[in-house]
Student: 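A single structure is presented below for examination.
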Amino acid sequence: MIEIQNLTKVYGQIKAVNNISFTVEKGEILGFLGPNGAGKTTTMNIITGYIPSTEGTVKVNGYDIMEDPKEVKKRIGYMPEQPPLYMDMTVKDFLDFVSDLKMVDRKKKRSQISDIMELVKITHVKDRLIKNLSKGYKQRVGLAQALIGSPDVLILDEPTVGLDPVQIIEIRKLIKALGKEHTIILSSHILPEVSAVCERVVIINRGEIAAIDTPENLSKGLGTVSKLSVTIAGPRSSVIGHIKEIYGVKYVEASSQKDKDVFTYVVESDKDLDIRRPLFFAMAKAGYPILELKSIGMSLEDIFLQLTTEEKEVH
Amino acid sequence: MRAVFKRELMSYCYNPMAYILIGLFILLSSVFFVINLYGANGDFLWNLEMMRFILVFIIPILTMRILAEDRKTGTEVLLITSPVSLTGVVLGKFFAAFVVFLAMTVITFVYPIILVAFGASITPPLIGAYAGFILIGASLISVGVFASSLTENQVIAAVISFMSLLIIWVIEPIGYSLGGIFSTILNWLSVFSRYNDFAAGILNISSIVYLISFTAVFLFLTIRVIERRRWSQG
């Protein structure tokens with residue numbers, strides 16, 4: 001659906017985007033993750049045709065943004081970080097204008113606008129001036145604007161920035177629902193957002209791609225140890241002694257006390273060794289019941305910090 | 001282009017600025033008209049000649065926000081990423097401002113009508129003078145649109161276009177004071193002096209072509225400025 005090849009953007013001396021390549025499949029929700037100033041917005045501006053690239057190509061549905069800008073623009077709905085709204089218009093008039101701008105068929109226009117207003121829940125404010133709306137509603141009108149003309153691709157730059165927690169959850173739900181019919185690229189510097197919504201993540205740092213994978217694979221694929229959190233009833237020193245005897249265990253520590261003689265331990269072992277079974281049998285043999293056992297994957301947060309501070313290449 | 005034109009015209013309707021400008025224009029032209037009447041002068045051409053100068057003040061304010069505001073509020077992104085050509089956007093905006101200017105001009109038809117009611121007649125010079133006035137207005141609006149594309153600050157845009165229009169205005173007097181060949185060249189270049197042919201009742205094709213080309217050149221420059229900025233920054 002979207003193919004990006006060797007994309008580079010240079011402003012004077014600065015390389016804002018350096019040789020980025022990735023593809024997005026139809027119907028996929030791709031997260032674009034990176035610290036502020038990493039080049040997320042620049043990349044999105046290039047994909048949508050707002051600014052031209054210095055080098056490299058962007059193709060949407062086979063159309064090149066430089067050669068067939070009109071065909072590409074017809075297929076993309078873009079919501080920039082600052083939603084492009086005319087403050088002196090009412091919500092309805094504004095969406096009507098965007099429909100004309102995107103050359104929506106006159107007959108379909110009215111029903112499409114009311115469907116979209118219903119979807120993003122702005123029907124009750126349709127006759128109000130945009131400048132009088134709250135930030136959350138402006139954001140929704142921004143999203144509605146991107147949806148007009150039912151584009152195949154939605155590009156959302158920091159769609160939840162500046163919203164309150166309830167609104168954030170609503171917008172995320174909406175994006176997930178939209179992902180069923182649209183291909184979505186979503187940028188964010190907020191990690192839980194990306195792991196909650198996206199099927200695949202591109203981590204970008206200083207204009208370069210640091211990693212591309214699913215959130216799960218990213219958390220599995222990194223690091224050299226796997227961690228377990230296990231709660232065991234039994235005297236602490238004896239339990240630690242038994243755990244240390246298991247093959248592959250590198251480190252064990254009691255992290256918190258739950259009750260008298262009930263502790264939660266963090267156990268680190270070699271990455272490719274699953275010690276859950278040996279742990280179970282060892283504890284059963286010693287007569288210390290396991291009350292809780294779960295593996296601690298690396299959170300996206302950890303991965304993100306690791307990738308963006310050490311600049312370690314994963315792919 | 002139609003969508004941009006419609007929205008821009010709507011924006012003029014919703015904002016008090018256009019009404020204030022139209023009101024100011026009518027007020028000043030009425031003052032000239034009254035002066036005309038006190039001179040017991042049935043000739044409206046002098047009035048139109050004076051009204052040309054009012055445009056130097058009114059058009060910068062009419063056009064100052066037309067592109068600058070889009071850049072400031074970020075709506076430029078919407079215009080550029082939609083499947084409308086940049087030419088369409090600029091033309092749509094230009095024609096919206098032009099229509100507001102036409103509305104102002106049409107209101108002033110009332111003065112010659114009053115004169116006709118008291119015995120004056122509609123002469124070819126009068127019709128010509130109005131045609132010239134409208135074409136000069138279009139040329140000046142294109143300068144205003146161009147100035148608005150240069151900055152995202154509306155006040156700076158207004159100042160730039162006011163200065164430019166003032167320079168365009170003084171070209172003719174400077175030519176006169178220099179005399180000789182300069183006079184001929186500057187007189188030919190001056191947008192305002194093109195009015196004289198029209199007001200004499202002569203439909204001079206070269207004047208019409210000159211004014212329309214003048215407008216087209218500034219609109220073309222506007223498109224180039226926006227296009228160039230797209231390449232140089234994000």
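Every chain is numbered from 1 and lettered A, B, ... according to where its sequence line falls, protein lines coming before strand lines. If you're wondering where the values come from, they're calculated on a predicted model, not measured in any experiment.
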Student: Under 6.0 Å from the NZ atom of A:K109, do we count more than 12 heavy atoms belonging to anything else shown?
Tutor: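 It does: A:K109 NZ has more than 12 such atoms within range.
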
Student: Under 4.5 Å from any heavy atom of chain B, what part of A:T42 do you find: side chain, backbone, both or neither?
Tutor: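 For A:T42, neither part sits under 4.5 Å from chain B.
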
Student: Taking heavy atoms only and a threshold strictly under 4.5 Å, list by residue number the residues of residues 73-82 of chain B that touch chain A; give 'none' if the list is empty.
Tutor: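 Residues in range: B:T73, B:G74, B:T75, B:E76, B:V77, B:L78, B:L79, B:I80, B:T81, B:S82.
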
Student: Pick one of side chain, backbone, both or neither for B:V89, based on which atoms fall under 4.5 Å of a heavy atom in chain A.
Tutor: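 For B:V89, no heavy atom lies under 4.5 Å from chain A.
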
Student: In this structure, are over 12 heavy atoms from other groups packed under 6.0 Å from A:K59 atom NZ?
Tutor: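 Atom NZ in A:K59 is not crowded, with 12 or fewer foreign heavy atoms closer than 6.0 Å.
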
Student: For atom CD1 of B:I122, decide whether the heavy atoms of other residues, nucleotides or ligands shown that lie under 6.0 angstrom number more than 12.
Tutor: no

Student: Of the backbone (N, CA, C, O) and the side chain (C-beta and beyond), which part of A:Y78 lies under 4.5 Å from a heavy atom of chain B, both, or neither?
Tutor: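 It is the side chain, since no backbone atom gets that close.
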
Student: More than 12 heavy atoms of other residues, nucleotides or ligands under 6.0 Å from CD of A:E181: is that the case?
Tutor: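 Open: at most 12 neighbouring heavy atoms sit under 6.0 Å from CD of A:E181.
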
Student: So for A:S53, is it side chain, backbone, both, or neither that comes closer than 4.5 Å to the heavy atoms of chain B?
Tutor: backbone

Student: Out of A:V98, A:D100, A:L101, which one racks up the most heavy-atom pairs below 4.5 Å with chain B?
Tutor: A:L101

Student: Set out, in order, the CA-CA distance, both residues' side-chain angles and the distance that settles salt bridge (Lys or Arg N to Asp or Glu O under 4.0 Å) for B:K6 and A:D96, then state yes or no.
Tutor: CA-CA 11 Å; B:K6 204 172 115 192; A:D96 194 82; 3.8 Å; yes

Student: Does B:W188 have any ring-ring contact (aromatic ring centres under 6.0 Å, His included) partners at least two apart in sequence or in another chain, and if so, which?
Tutor: B:Y210

Student: When only pairs under 4.5 Å are counted, which of B:P83, B:S85, B:A3 shares the most heavy-atom pairs with chain A?
Tutor: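 Ranked by heavy-atom pairs under 4.5 Å with chain A, first place is B:P83.
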
Student: Below 4.5 Å, heavy-atom pairs only: which of A:Q145, A:M79, A:M89 has the largest tally toward chain B?
Tutor: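 Ranked by contacts with chain B, first place is A:M89.
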
Student: What heavy-atom pair brings A:D93 and B:Y14 nearest, and what distance separates the two atoms?
Tutor: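 A:D93 and B:Y14 have their closest heavy atoms at OD2-OH, 3.7 Å.
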
Student: Which atom names give the shortest non-hydrogen contact between B:W231 and A:K9, and what distance separates them?
Tutor: O-NZ, 3.5 Å

Student: Just checking B:F220: does its CZ atom have more than 12 heavy atoms from other residues, nucleotides or ligands closer to it than 6.0 angstrom?
Tutor: no

Student: Can you confirm whether B:M163 is buried at CE, in the sense that more than 12 heavy atoms of other residues, nucleotides or ligands lie under 6.0 Å from that atom?
Tutor: no

Student: Does NZ or CZ of B:R230 lie under 6.0 Å from the centre of the six-membered ring of A:Y50, at an angle within 45° of the ring axis?
Tutor: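 Geometry flag: not set, cation outside 6.0 Å or 45°.
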
Student: Side chain, backbone, both or neither: which part of B:M10 has a non-hydrogen atom closer than 4.5 Å to chain A?
Tutor: side chain

Student: To the nearest 0.5 Å, tell me how far A:I51 CD1 sits from B:R229 CZ.
Tutor: 12.5 Å

Student: With a sphere of 6.0 Å drawn around CE of B:M17, does it hold more than 12 non-hydrogen atoms of other residues, nucleotides or ligands?
Tutor: no

